[in-house]
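Structure, as structure tokens:
Remember, predicted model here, so these are calculated numbers, not experimental data.
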Amino acid sequence: MRSLVLDFQDMEQNQLLLVGGKGVNLGELAKIEGIHVPEGFCVTTAGYQKAIEQNETYQDLLGQLAMLKAEDRERIGEVSRKIRQIIMDAEIPADVVKAVTHYLSRYGEEHAYAVRSSATAEDLPHASFAGQQDTYLNIIGTEAVLQHIRKCWASLFTDRAVIYRMQNGFDHSQVYLSVIIQRMVFPQASGILFTADPMTSNRKLLSIDASFGLGEALVSGLVSADCYKVQDEVIVDKRIAAKTLAIYGRQEGGTETQLIAPDQQKIQTLTEQQILRLAGIGRQIEAYFGRPQDIEWCLADDVFYIVQSRPITTLYPIPEASDQENRVYISVGHQQMMTDPMKPLGLSFFLLTTPAPMRKAGGRLFVDVTHQLASPNSREFFLKSMEQHDPLMKDALMTIIERGDFINSLPDDNKEASPVKSSNAKPPAGAPPQFENEPTIVNDLIQRSQTSIEELKHNIETKSGTDLFDFILEDIQQLKKILFDPQSSAVFMAAMNASSWINEKMNEWLGEKNAADTLSQSVPHNITSEMGLALLDVADAIRPYPEVIDYLQQVKHDDFLNELVTIDGGREARDAICDFLSKYGMRCAGEIDITRTRWSEKPATLIPLILGNIKNFEPNASHRKFEQGRQEALNKEQELLERLNRLPDGEQKAAETKRMIDLVRNFIGYREYPKYGMVNRYFVYKQALLKEAEQLVEAGVIHDREDIYYLSFEELHDIVRTNKLDYRMINKRKDEYKLYEKLTPPRVITSDGEIIVGEYKREHIPAEAIVGLPVSSGVIEGRARVILNMEDADLEEGDILITAFTDPSWTPLFVSIKGLITEVGGLMTHGAVIAREYGLPAVVGVENATKRIKDGQRIRVNGTEGYVEIL
């Protein structure tokens, strides 16, 4: 009997599978000293299982449900309805009836009760399932309670609950329902209390919604509620709503909706003292559970009763810090064009590579920029570069600075001029004297990097065990030297500054916007744009062989390259693909995460791109595309210089502009190279570590070689040294990673957990337009193709690509499209640089573009002014 029905006081924290999420939380709440929880008990999942486990029709219908997808709404409705009917017709086991009767007589059968569902997949830290199952209020009498227990059981299979489970990956046959029977409180007021503000995620700002009567009116959206905000025991904001209705319990059972008298509608639901008392209760509950809570409360006779508390599942985690100081963090993912979560090994490699003060949160990295914002001198320079990089980030940071009370200003600690001024295109410190007229400097930098990688490949072959880890740590110092070489930075900074100068001066002197965009087309030494063109050459090598094309259309596995040689033309096709992979095979989507699968590891990823190129292009397209872009750039240069020569001081202006154009043409292509060098090295490290992982699999230390991805570099080093591993850590990290995949990282977050959202401030944009950042000039119309994974790309020439972010691996798609829209990005991020080089109008930083623009819609992209219109 005990396991069929449990009193709140008897419930344990580890009984989720017996009493469900709501039950576990109520059991815990009942144990907190000074917190009033209406008394009650719970019919456990054992009672539910006993009622339906022998029913074959139920089991059969569950099997049918498992075969359906969330889109099959009609069929889900049919099957779910039948399951609900079976449950309503089922007999409640006699020992469950006996136990329920016993508890009701103990608490008072004559009292009214709330009968509430508590599913095993509900109120969990990673999925709230809020409102998915049913609650019944003011139920009086044993028979009525038993009937509503059945109704709660059946509500496990409402259409919305079934679809929610499908969308969140829960197995219907493994989710059970317990039922909470709790003494009714008839409140004057009730509502919801969030111990972190649900709008901004600020953990220090507590938010209370309150209205008259029972909380059902508020939860169901029937009434507007007062909203009070409390921070540090002070009420900082109050919004008093007009409350026209309230739900109250009826004497004979059930509830009714009543109109509130007009003179009462605008009265504040809670007094100031009650608001602060409730806030204190919220903080006490939050401290007990150790994380922000979403709490249901009600007020009767000036006593606050807590009827539920669950974790708030939508908050983005706060980057870890070693102290309690106010801090501001910006997202690395938005700068690196990769906002997906990274696995622990990927995070630790990136942290080893960068000198920036980075912190982890939600499987992503954030840079602590508090110090830059605190010093007036570094702040000005930092915000100026941020405006170029990501105006939304800059605007969010300005919001924090303008508050004036979050960051303590430091004295102006650096009187020297900032190292780079956008109006001054002279090479920064560190550039050699022959810098401006010496294009060969780029060849030298590239050669140095390539030589270094060849040495690494040769030297790493002899390393294994702990020696390998020491070797990699040492080589990362070499990688950092190359990445942060002042000469290397000076090259592309000079080009970027020259580009800004050209845009500024051509607008001022000639009234021409974004002139540098056309001048950046088809520049030499751009390793990423060359990659897109190289894949067109692979298509050329395969195009003459129909049998190879037929074979590639059927390929489903990654060892296709070995089979290719048995087909006419297969050897030529394989050689072309292998040549491409030898130069670019270390690339992939999300390549800054060392654990991501590279093209060399999964070459089948390239097949749709190659086939698309064969379908969409004529032979020799790569040469024609490059030449066309080069010609357009040369024509633009000539046109600008001729127009400048006609101005007062024209000769001088033309000479200065020619010098800037040369800087852009010679050096902007190198912008993409340092990252290519880094990814190259990462792949060498990865291959060596996977060899070590195979040794660990053979020794029985790990089950699968890719399990090393869930360890940091230091942890993996330790495991190779000791041959010991606690697998619970790997399993926990895998679960965390699944949770992180569902989170959307913010651009800017504070140490209070507050997410600050920036806005574009621009006029003269059509009213219905979707605004972003203009990064590559031109206006284009076409069909929108919303693509979230590169492998799913099915493009026709002339489509406009809409995606969350693009890193270099997306470049092969750029040859087919005629415009680009991304949710993330700035003026000098990868997508923008390549779009300019290919002459594609592009708008980036368009919030929620992949949701606001539908696949197949006809749209217009204005890459000059920075907006998108849906036609």
Side-chain angles (χ1 to χ4, degrees), residues 446 449-450 453-454 457 522 524-545 547-565 567 569-591 596-626 669 672-673 675-684 686-687 789-791 793 795 797 806-817 830 834 837-838:
I446 290 172
S449 174
Q450 284 177 346
I453 288 164
E454 288 312 312
K457 285 178 181 172
S522 298
H525 304 304
N526 189 321
I527 190 74
T528 308
S529 60
E530 285 167 6
M531 176 174 75
L533 300 176
L535 208 59
L536 287 173
D537 294 337
V538 174
D540 283 354
I542 294 171
R543 188 179 277 106
Y545 305 108
E547 275 185 62
V548 173
I549 295 169
D550 288 346
Y551 170 75
L552 291 178
Q553 281 164 339
Q554 316 303 321
V555 165
K556 293 282 183 287
H557 51 80
D558 284 301
D559 55 3
F560 70 94
L561 288 170
N562 295 327
E563 289 177 18
L564 255 183
V565 289
I567 301 166
R571 195 171 293 280
E572 289 81 351
R574 189 185 70 169
D575 290 349
I577 293 170
C578 288
D579 285 348
F580 179 85
L581 289 173
S582 72
K583 189 165 184 184
Y584 303 109
M586 78 301 293
R587 308 220 90 151
C588 67
E591 62 188 12
R596 288 290 189 104
T597 306
R598 310 284 139 176
W599 290 341
S600 285
E601 297 170 310
K602 195 174 190 298
T605 308
L606 297 173
I607 292 176
L609 306 177
I610 295 167
L611 292 172
N613 286 347
I614 292 169
K615 179 178 79 172
N616 293 330
F617 295 99
E618 295 294 315
N620 209 20
S622 70
H623 176 73
R624 276 199 310 281
K625 265 189 173 294
F626 186 83
E672 291 285 303
Y673 201 87
K675 188 175 183 182
Y676 170 78
M678 178 180 103
V679 173
N680 240 309
R681 276 188 130 77
Y682 272 16
F683 189 42
V684 178
K686 180 185 184 180
Q687 288 170 304
N789 293 310
M790 199 185 83
E791 293 89 82
L795 291 164
E797 193 177 7
T806 64
D807 60 8
S809 71
W810 286 72
T811 304
L813 298 184
F814 284 29
V815 296
S816 298
I817 59 175
H830 153 78
I834 304 303
E837 182 161 338
Y838 281 178

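Checked against ring pair (Phe, Tyr, Trp, His ring centres under 6.0 Å), Y838 has no partners two or more places apart in sequence or in another chain. Scored by the ring pair (Phe, Tyr, Trp, His ring centres under 6.0 Å) test, F580 finds Y584 as partners (sequence neighbours excluded).
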Evaluate I577 against I610 for side-chain contact (heavy atoms from CB on, under 4.5 Å), listing each step before the verdict. CA-CA 9 Å; I577 293 170; I610 295 167; 4.2 Å; yes
Could you please spell out the steps behind the side-chain contact (heavy atoms from CB on, under 4.5 Å) verdict for E837 and E672? CA-CA 12 Å; E837 182 161 338; E672 291 285 303; over 6 Å; no
Decide yes or no on side-chain contact (heavy atoms from CB on, under 4.5 Å) for S809 and W599, but give the supporting numbers first. CA-CA 9 Å; S809 71; W599 290 341; 3.6 Å; yes
Output, in order, the C-alpha distance, side-chain angles, deciding distance and verdict of side-chain contact (heavy atoms from CB on, under 4.5 Å) for I527 and E530. CA-CA 5 Å; I527 190 74; E530 285 167 6; 4.3 Å; yes
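Atom OG of S816 and atom CG of L795 lie 6.0 Å apart (nearest 0.5 Å). The CD atom of E591 sits 7.5 Å away from the CE atom of M678 when rounded to the nearest 0.5 Å. Within the model, atoms CZ of R574 and CG of L581 stand 12.0 Å from one another, a figure rounded to the nearest 0.5 Å. The structure places CZ of F626 at 7.5 Å from OG of S529, a figure rounded to the nearest 0.5 Å.
With hydrogens and angles ignored, the 3.5 Å screen pairs no side-chain donor or acceptor of K583 with any backbone N or O of M531. With hydrogens and angles ignored, the 3.5 Å screen pairs a side-chain donor or acceptor of S582 with a backbone N or O of D579. For R598 (side chain) and R596 (main-chain N/O), a donor-acceptor pair under 3.5 Å exists by modelled atom type. Here the side chain of R587 pairs no donor or acceptor atom with the backbone of D807 at under 3.5 angstrom.
In plain terms, the two heavy atoms of P812 and L609 that are nearest each other are CB-CD1, 3.9 Å. Contact record, I453 with G677: CD1-O, 3.9 Å, taken as the closest heavy-atom pair. Taking all atoms of both residues into account, the shortest heavy-atom contact from C588 to T597 is CB-O, 3.0 Å. Taking both residues in full, the closest heavy atoms of T811 and P808 are given as OG1-O, 2.8 Å, listed atom of the first, atom of the second, then distance. Across all their heavy atoms, G570 and V548 have their closest contact at N-CG2, 3.7 Å. Smallest separation of non-hydrogen atoms from V815 and G532: CG1-O, 3.8 Å.
Taking the side chain as every heavy atom from C-beta outward, Q450 and N680 never approach each other to under 4.5 Å. Looking at D575 and E572, their side chains never come closer than 4.5 Å, going by heavy atoms from C-beta outward.
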Residues 536-545 side chain polar contacts: donor-acceptor under 3.5 Å, at least two apart:
unit_1	atom_1	unit_2	atom_2	d
D537	OD1	S622	OG	2.6
D540	OD1	R543	NH1	2.5
D540	OD2	N620	N	2.9
R543	NH2	N613	O	3.4
R543	NH2	F617	O	2.8

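Within a 6.0 Å radius of CZ in R624, more than 12 heavy atoms belonging to other residues, nucleotides or ligands are found. Other residues, nucleotides and ligands place no more than 12 heavy atoms under 6.0 Å from the CD atom of E618.
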